[in-house]
Amino acid sequence: MQNSFEKIYEVVKKIPCGKVATYGQVALLAGNPHWSRVVGYALHVNPDPDSIPCFRVVNRFGEPSSAFAFGGKNMQILMLENEGIEVEDGRVNLEKYLWNGE
């Protein structure tokens with residue numbers, strides 16, 4: 001049986017280039033809508049950032065993580081922008097860039 005972190009990583013791997021997901025959305029797709037904080041913990045200890053694009057996960061307001069484990073918030077913003085995702089006033093427009101989960 002997969003543990004919660006493995007389930008979370010499998011969901012995050014599916015987020016396509018140029019899209020973002022929220023912590024709550026990842027939690028729901030991983031099988032438990034109450035896992036938003038668990039998603040944060042899992043991404044903070046991401047064992048394979050090259051294969052698990054944790055930078056594509058933002059909060060419910062579209063804000064990058066102030067505790068992004070792989071270079072800080074500015075690095076997360078840079079990584080998003082490198083995929084064509086606009087970050088304006090510290091937020092991603094979720095209406096435009098939110099992944100539909102498919």
Side-chain angles (χ1 to χ4, degrees):
M1 181 175 151
Q2 281 187 311
N3 70 34
S4 57
F5 281 20
E6 290 170 344
K7 290 177 183 176
I8 289 164
Y9 296 146
E10 288 305 310
V11 171
V12 174
K13 285 179 185 179
K14 294 176 184 175
I15 305 169
C17 179
K19 293 291 182 180
V20 298
T22 65
Y23 293 96
Q25 180 182 14
V26 171
L28 182 65
L29 292 170
N32 189 327
H34 303 288
W35 277 355
S36 293
R37 286 183 189 259
V38 177
V39 171
Y41 298 140
L43 297 182
H44 196 73
V45 297
N46 181 350
D48 187 5
D50 290 334
S51 298
I52 305 166
C54 57
F55 69 93
R56 294 182 184 145
V57 181
V58 296
N59 72 16
R60 64 184 175 175
F61 304 112
E63 298 166 339
S65 173
S66 59
F68 183 63
F70 304 97
K73 183 177 186 174
N74 289 336
M75 179 56 72
Q76 184 178 7
I77 290 170
L78 180 63
M79 294 172 86
L80 291 168
E81 289 176 338
N82 284 342
E83 290 196 345
I85 297 170
E86 300 166 0
V87 181
E88 295 182 20
D89 298 322
R91 289 186 178 181
V92 172
N93 180 341
L94 294 179
E95 288 183 15
K96 185 173 183 180
Y97 295 107
L98 187 65
W99 174 48
N100 65 10
E102 295 178 4

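The residues of the chain are indexed from 1 along the displayed sequence. Note that the coordinates shown come from a computational prediction; the quantities given were computed from them, not determined experimentally.
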Peer 1: How close do Ala21 and Ile15 get, heavy atom to heavy atom, and via which atoms?
Peer 2: CB-CD1, 3.7 Å

Peer 1: With a 4.0 Å cut-off, would you call Glu10 and Lys13 a salt bridge?
Peer 2: yes

Peer 1: Any heavy-atom pair between the side chains of Met79 and Met75 that's under 4.5 Å?
Peer 2: yes

Peer 1: Answer yes if Val26 and Leu94 sit in the same cluster of Ile, Leu, Val, Met, Phe, Trp and Tyr residues linked by side chain heavy atoms under 4.5 Å apart, and no otherwise.
Peer 2: no

Peer 1: If the condition is salt bridge (Lys or Arg N to Asp or Glu O under 4.0 Å), which residues does Lys96 pass it with, not counting sequence neighbours?
Peer 2: Glu86

Peer 1: Please check if Tyr23 and Val20 belong to a single hydrophobic cluster, counting links between Ile, Leu, Val, Met, Phe, Trp and Tyr side chain heavy atoms closer than 4.5 Å.
Peer 2: no

Peer 1: Give, for atom CG of Leu80 and atom SG of Cys17, the distance between the pair rounded to the nearest 0.5 Å.
Peer 2: 10.0 Å

Peer 1: Please tabulate, for the side chains in residues 35-47, all donor-acceptor contacts under 3.5 angstrom to protein atoms that are two or more places apart in sequence or on a different chain.
Peer 2:
residue, atom, partner, partner atom, Å
His44, ND1, Ala67, O, 3.4
Asn46, OD1, Asp48, N, 2.9
Asn46, ND2, Ile52, O, 2.8

Peer 1: Are Tyr97 and Leu28 connected in the hydrophobic side-chain network, where two residues link if heavy atoms are under 4.5 Å apart?
Peer 2: no

Peer 1: Specify the closest pair of heavy atoms between Gly101 and Leu29, including all atoms of both residues, with the distance to one decimal.
Peer 2: CA-CD1, 4.1 Å

Peer 1: Quick one: which of Gln76, Arg91, Lys73 gives a side-chain hydrogen bond (donor to acceptor under 3.5 Å, both in side chains) with Glu63?
Peer 2: Arg91

Peer 1: So do Ser65 and Asn59 actually touch side chain to side chain, heavy atoms under 4.5 Å?
Peer 2: no

Peer 1: Say whether Val57 and Ile8 are linked into one hydrophobic cluster, either directly or through other cluster members, by side-chain heavy-atom distances under 4.5 angstrom.
Peer 2: yes

Peer 1: Please check this pair: side chain of Gln25 against backbone of Trp99, looking for a donor-acceptor N/O pair closer than 3.5 Å.
Peer 2: yes

Peer 1: Should we count CG of Asn100 as having more than 12 external heavy atoms under 6.0 Å?
Peer 2: yes

Peer 1: Glu81 versus Val87: any side-chain heavy-atom pair under 4.5 Å?
Peer 2: yes

Peer 1: Please list all pairs passing the ring pair (Phe, Tyr, Trp, His ring centres under 6.0 Å) test where one or both residues lie in residues 49-76, with sequence neighbours left out.
Peer 2: Phe68-Phe70

